[in-house]
Peer 1: 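Dropping a structure here in structure tokens format, bear with me for questions.
This is a predicted model, so every value here is computed, not measured.
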Amino acid sequence: MISLTKDKELKGYKSLTVYPEVAHFVTTRHGGVSEGTYGSFNCSPYTKDSCINVNCNQNKLFQITGHQIKELVIPEQKHGSASLVVDESFFKESLEVRRTLLRGIDALITNVPGYCVCVTTADCVPVLLYDRRLQVVAAVHAGWKGTVQHIVSSVMEHMSRNFGTRGADVVACIGPSISLESFEVGDEVYEAFKESGFDMSIISTKKRKTGKHHIDLWEANRSELLYAGIPAGQIEVAGICTYIHQDDFFSARRLGIDSGRILSGIMIRK
């Protein structure tokens, strides 16, 4: 990944920076006002962090991105596979209706310029997608439960159904999240992936010392992207483990559930 700001508050993907019509970012833990397990740059409204702190952090995000962002659209995720197309009609709804529509959603898709679709993570996998032919973007929250439910494939199908997206035209980025080395799981999680059709010889290993399975969520989601027709050369993997690099990125396994979240966003510029 590359730094998008001089003080390293925001990271980005080299593969997306070549497209001037797209803006994107991945927040770190640096540069905000939150404290404790939310320290310091927590921009998620779905945590127990102070609303004042979250608003301050989001305002700073608007300032340092350098982009004309009309709004951050952030879903209230539930570790599922539901995705929502955020179109012009969405923004005509009342705030209450929009909040309802965003509830239980783990991926957002849009082609409306100026509106930044986002997902929040803290060990789960954030995936950003850009259809460079049709100028459609998507932000995906691929937790292990969502990955088991093939959320990335589902989002690609949704984009294809609504906009005509083809895998060959998509640039995909897999963000900071827990690594194979750090993601130890129980037998029930291993079996869930196996029953869902994943090639366990590719996405898992069993540690001889502990007898525990480890799952590679990066490779599981990369496999989904490849299956959707995205060329390997158009898939960028950050390769940053949030559990190991908890000083720079939020990790729920390190900090607990009541902690900050990484915000990954992408939008079509106005």
Peer 1: Could you tell me whether Asp248 and Arg29 make a salt bridge, using a distance below 4.0 angstrom between a side-chain N and a carboxylate O?
Peer 2: no
Peer 1: If I take atom CZ from residue Arg161 and atom CE from residue Met156, how far apart are they, to the nearest 0.5 angstrom?
Peer 2: 12.5 Å
Peer 1: For the NE2 atom of His213 and the OG atom of Ser204, what is their distance to the nearest 0.5 Å?
Peer 2: 7.0 Å
Peer 1: Measure the spacing between NE2 of His24 and SG of Cys118 and express it to the nearest 0.5 Å.
Peer 2: 12.5 Å
Peer 1: What class does the angle between the rings of His141 and His79 fall in, given that below 30° is parallel, 30 to 60° is tilted and above 60° is perpendicular?
Peer 2: perpendicular
Peer 1: Taking only residues two or more places apart in sequence, or in another chain, which ones meet Pro113 in a side chain to side chain contact (heavy atoms under 4.5 Å, CB included)?
Peer 2: Ile268, Lys270
Peer 1: Carefully, step by step, assess Trp218 and Ser179 under the rule side chain to side chain donor-acceptor pair (under 3.5 Å).
Peer 2: CA-CA 7 Å; Trp218 302 346; Ser179 64; over 6 Å; no
Peer 1: Would Arg99 and Glu96 pass as an ion pair if we require N to O under 4.0 Å?
Peer 2: no
Peer 1: Is there a donor-acceptor pair under 3.5 Å between the side chain of Thr37 and the backbone N or O of Leu255?
Peer 2: no
Peer 1: Quick one: list whatever passes side chain to side chain contact (heavy atoms under 4.5 Å, CB included) with Val33, sequence neighbours left out.
Peer 2: Asn53, Cys56, Asn57
Peer 1: What's the shortest heavy-atom distance between Asp49 and Ser34, and which atoms?
Peer 2: OD2-OG, 2.6 Å
Peer 1: Please say whether more than 12 non-hydrogen atoms of neighbouring residues, nucleotides or ligands are located less than 6.0 Å from CD in Glu21.
Peer 2: yes
Peer 1: Quick one: ring pair (Phe, Tyr, Trp, His ring centres under 6.0 Å) partners of His214, sequence neighbours excluded?
Peer 2: none
Peer 1: For a 4.5 angstrom cut-off between non-hydrogen side-chain atoms, does Lys11 reach Leu4?
Peer 2: no
Peer 1: Look up atom CD in Gln58 and atom OG in Ser44, then write down how far apart they are to the nearest 0.5 Å.
Peer 2: 8.5 Å
Peer 1: Evaluate the salt bridge (charged side-chain N to carboxylate O under 4.0 Å, His left out) criterion for residues Arg98 and Glu93: first the C-alpha distance (whole Å), next the side-chain angles of each, then the deciding distance (0.1 Å), finally the verdict.
Peer 2: CA-CA 6 Å; Arg98 287 162 61 180; Glu93 299 287 355; over 6 Å; no
Peer 1: Does any N or O in the side chain of Arg269 come within less than 3.5 Å of the main-chain N or O of Pro20, such that one atom is a donor and the other an acceptor?
Peer 2: yes
Peer 1: For residues Ser154 and Ser81, report the shortest heavy-atom separation together with the two atoms involved.
Peer 2: OG-O, 3.8 Å
Peer 1: Do Cys173 and Leu16 touch side chain to side chain, with heavy atoms closer than 4.5 Å?
Peer 2: yes
Peer 1: Going by the ring-ring contact (aromatic ring centres under 6.0 Å, His included) test, which pairs reach into residues 81-123, not counting sequence neighbours?
Peer 2: Phe91-Tyr115
Peer 1: For a side chain to side chain contact (heavy atoms under 4.5 Å, CB included) check, start with the C-alpha distance between Asn111 and Leu134, then their side-chain angles and the critical distance, and finish with the verdict.
Peer 2: CA-CA 8 Å; Asn111 66 344; Leu134 299 173; over 6 Å; no
Peer 1: Nearest 0.5 Å, what's the CG-CD distance between Leu128 and Glu236?
Peer 2: 10.0 Å
Peer 1: Give me each pair satisfying salt bridge (charged side-chain N to carboxylate O under 4.0 Å, His left out) with a member in residues 185-213, each pair once, sequence neighbours excluded.
Peer 2: Glu181-Lys207
Peer 1: What distance separates Asn221 CG from Ile235 CD1, expressed to the nearest 0.5 Å?
Peer 2: 10.0 Å
Peer 1: So which heavy atom on Cys116 is nearest to which on Ile69, and how close?
Peer 2: CB-CG2, 4.0 Å
Peer 1: Who clusters with Ile52? Use side-chain heavy atoms, under 4.5 angstrom, across I, L, V, M, F, W and Y, and order the result by chain and number.
Peer 2: none
Peer 1: Indicate yes or no: at least one non-hydrogen side-chain atom of Ile178 is less than 4.5 angstrom from one of Ser251.
Peer 2: no
Peer 1: Has Tyr227 got more than 12 heavy atoms of other residues, nucleotides or ligands less than 6.0 Å from its OH?
Peer 2: no
Peer 1: With the side chain counted from C-beta on, respond yes when Val54 and Tyr38 share a heavy-atom pair under 4.5 Å apart, and no when they do not.
Peer 2: no
Peer 1: Do the non-hydrogen side-chain atoms of Val170 and Tyr130 ever get within less than 4.5 Å of each other?
Peer 2: no
Peer 1: Apply the test side chain to side chain contact (heavy atoms under 4.5 Å, CB included) to residues Phe183 and Tyr243: give CA-CA distance (whole Å), side-chain angles for both, the deciding distance (0.1 Å), then the verdict.
Peer 2: CA-CA 9 Å; Phe183 192 38; Tyr243 184 81; over 6 Å; no
Peer 1: Checking Gln149 side chain against Lys145 main chain: does a donor-acceptor pair fall under 3.5 Å?
Peer 2: yes
Peer 1: Do His150 and Glu224 make a side-chain contact, defined as non-hydrogen atoms from C-beta onward lying under 4.5 Å apart?
Peer 2: yes
Peer 1: For a 4.5 angstrom cut-off between non-hydrogen side-chain atoms, does Leu108 reach Val140?
Peer 2: no
Peer 1: Does any part of the side chain of Leu225, heavy atoms only, come nearer than 4.5 Å to the side chain of Ile174, both counted from C-beta?
Peer 2: yes
